[in-house]
Amino acid sequence: MRDVTASADRRGPGAVGACAVLLLVACAGPAPNAPREHIIVPRHTTLAAVTDSLAAHGIVDSPRRFRLTARILGTVWPKLRGVDRRLRPGRYEFPVGEKWTVILNAFVTGRTDDEFVTVPEGSTIAEIAQVARRKLGQDSAAFVAVTRDPAFRARLGIPDDVKDVEGYLFPETYRVPYDAQPQQLVAQMVRQFTAVWDTAWDRLAHDSLGMTRHEVITLASIVEAEARRNSERAVIAGVYLNRLKGRRPMRLEADPTVIYALGREVRRVLLRHLKVASPYNTYLHYGLPPGPINSPGRASILAVLRPARHRYLFFVARPDGTHMFSRTAGEHVDSVAVARRLRAEAEAAREGATAPPSP
């Protein structure tokens with residue numbers, strides 16, 4: 001404020017009064033519960049165009065005074081130096097009647113009204129593409145195409161033998177510019193995966209499991225799809241590792257890999273589904289599938305790297321999402337029978353709860 005007054009004082013009393021009035025207006029604030037409006041600041045736009053947009057949305061009531069204030073503050077206030085030439089593009093949100101100093105500061109710092117995009121653990125590329133469509137208006141087919149572009153994958157540091165970035169789009173909440181393109185979002189998610197992955201894990205995977213990073217992420221994605229309780233992740237990982245690396249290796253026979261091979265969600269995996277011809281069908285093929293079937297979270301990755309040590313080879317889910325673990329095929333048959341009975345009882349209870357009362 002002292003700088004403004006001093007600068008204006010050299011122009012005479014009239015200039016001082018004019019600056020004082022402008023600063024009072026610039027520092028006025030919005031009314032309580034004032035409605036909020038969005039404006040778009042395009043690239044290479046002018047202060048005049050942005051001011052017209054602010055006025056059209058009722059955020060400022062005098063375009064002429066706002067432009068004059070911006071130029072004065074851009075000359076005398078270091079924080080806003082050259083604001084009329086430093087308008088950062090993006091989408092901004094302001095309440096009607098916002099302080100002009102707040103508006104101008106937002107334009108200089110680029111404090112835009114970005115979107116927050118949440119990707120849950122266990123999301124597939126197809127599901128993330130739908131999130132991007134809903135939140136950002138991105139074309140879902142274009143998003144999927146970007147994940148399969150070999151040149152783009154190479155720039156992101158994804159191994160050459162990985163066909164897409166399934167599993168490498170880290171599940172997280174991201175702050176994304178409203179006009180972000182699929183390439184930007186995919187790159188942001190892969191960079192987050194790289195930031196989360198501790199390079200010491202590569203050595204742990206190699207020394208303790210004899211696995212590559214890609215194999216760890218692949219198995220972690222299966223654990224992510226199976227586990228409903230955090231306490232069971234390491235146990236489930238141990239089951240699959242026992243089947244993979246036992247003296248007599250067994251097929252994983254993981255239902256989530258069959259669902260991924262089908263390319264659609266099914267309420268329950270049936271015998272006919274187990275025949276789907278796909279390298280992802282772990283009922284037909286030994287070993288891990290070619291790659292991850294979703295984006296596993298940190299907890300599932302660590303469950304694979306530090307699995308529970310036990311002799312379980314089988315598990316089956318109860319209706320509440322917990323699992324019964326077995327060491328032999330005979331024990332597993334008994335557990336499956338119990339699980340079926342529990343499911344039948346749960347379904348009967350749901351039907352009874354929704355049935356209309358008898359007359």
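Numbers here are sequence positions counted from 1.
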Would Arg133 and Gln130 count as a side-chain hydrogen bond (donor to acceptor under 3.5 Å, both in side chains) if you check the C-alpha gap in whole Å, the side-chain angles of each, and the deciding distance to 0.1 Å?
CA-CA 5 Å; Arg133 180 186 61 80; Gln130 291 304 313; 2.9 Å; yes

Give the intermediate values and the outcome of side chain to side chain contact (heavy atoms under 4.5 Å, CB included) for residues Met211 and Leu288.
CA-CA 11 Å; Met211 297 173 72; Leu288 290 166; 4.0 Å; yes

Can you check side chain to side chain contact (heavy atoms under 4.5 Å, CB included) on Ile128 and Ser295, steps first, answer last?
CA-CA 10 Å; Ile128 297 170; Ser295 292; 4.1 Å; yes

In sequence, state the C-alpha distance, the side-chain angles, and the governing distance for Ile236 and Phe325, and then conclude on side chain to side chain contact (heavy atoms under 4.5 Å, CB included).
CA-CA 9 Å; Ile236 292 172; Phe325 298 90; 4.0 Å; yes

Side chain to side chain contact (heavy atoms under 4.5 Å, CB included) for Arg65 and Trp100? Distances and angles first, verdict last.
CA-CA 10 Å; Arg65 286 205 307 271; Trp100 293 359; 3.8 Å; yes

Decide yes or no on side-chain hydrogen bond (donor to acceptor under 3.5 Å, both in side chains) for Tyr168 and His214, but give the supporting numbers first.
CA-CA 9 Å; Tyr168 294 85; His214 188 63; 2.7 Å; yes

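Neither Leu252 nor Leu284 shares a network with the other; the hydrophobic side chains, linked directly or stepwise wherever heavy atoms of I, L, V, M, F, W or Y lie under 4.5 Å apart, form separate groups for each. Clustering ILVMFWY residues whenever any of their side-chain heavy atoms sit less than 4.5 angstrom apart, transitively, puts Val258 in a cluster other than the one holding Val336. There is a path of hydrophobic side-chain contacts, each under 4.5 Å, that joins Val108 to Val41.
Scanning for side-chain hydrogen bond (donor to acceptor under 3.5 Å, both in side chains) contacts around Arg88 gives an empty result, with sequence neighbours left out. Remark: Asn230 pairs with Arg233 by the side-chain hydrogen bond (donor to acceptor under 3.5 Å, both in side chains) rule, at least two apart or across chains. The side-chain contact (heavy atoms from CB on, under 4.5 Å) test applied to Arg311 returns Arg327, not counting sequence neighbours.
A side-chain contact (heavy atoms from CB on, under 4.5 Å) with Pro171 holds for exactly one of Glu224, Met189, Glu121, Arg298; it is Glu121.
Under the 4.5 Å side-chain criterion, counting only non-hydrogen atoms from C-beta, Arg318 is not in contact with Val338. Annotation: side chain of Arg306 is in contact with side chain of Leu204 (closest heavy-atom distance under 4.5 Å). Between Ile301 and Trp201 there is a side-chain heavy-atom pair separated by less than 4.5 Å. Leu185 is listed as a side-chain neighbour of Leu136, based on a closest heavy-atom distance under 4.5 Å. Annotation: side chain of Leu156 is in contact with side chain of Val186 (closest heavy-atom distance under 4.5 Å).
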Check residues 262-278 and write down every donor-acceptor pair under 3.5 Å in which the side-chain atom is one partner and the other belongs to a residue at least two apart or another chain.
unit_1: Arg268; atom_1: NH2; unit_2: Glu347; atom_2: OE2; d: 3.3
unit_1: His273; atom_1: ND1; unit_2: Leu270; atom_2: N; d: 2.9
unit_1: Ser278; atom_1: OG; unit_2: Tyr280; atom_2: N; d: 3.0

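Ion pair Glu232/Arg228 not flagged as a salt bridge, since none of the NZ, NE, NH1 or NH2 atoms sits closer than 4.0 Å to an Asp/Glu carboxylate oxygen. Looking at Glu115 and Arg175, no side-chain N of the basic residue comes within less than 4.0 Å of a carboxylate O on the acidic one, giving no salt bridge.
Cluster partners of Ile40, using a side-chain heavy-atom cutoff of under 4.5 Å among ILVMFWY residues and allowing indirect links, are Tyr178.
At least one donor-acceptor pair under 3.5 Å links the side chain of Ser221 to the backbone N or O of Ile293.
Residue pairs satisfying the salt bridge (charged side-chain N to carboxylate O under 4.0 Å, His left out) criterion with at least one member in residues 207-216, sequence neighbours excluded, are listed as follows: Asp202-Arg213.
Aromatic ring centres of Phe315 and Tyr240 lie closer together than 6.0 Å.
In this structure, Lys79 places its NZ atom where only 12 or fewer heavy-atom neighbours from other residues, nucleotides or ligands lie under 6.0 Å away. Residue Arg340 places its CZ atom among 12 or fewer non-hydrogen atoms of other residues, nucleotides or ligands, all under 6.0 Å distant.
A side-chain N or O of Asp255 and one of Tyr283 form a donor-acceptor pair less than 3.5 Å apart.
Rounded to the nearest 0.5 Å, atoms CG (Leu169) and CD (Glu127) are 12.0 Å apart.
Because its NZ or CZ atom is both nearer than 6.0 Å to the ring centre of Phe314 and within 45° of the ring axis, Arg243 counts as a cation-pi partner of that residue.
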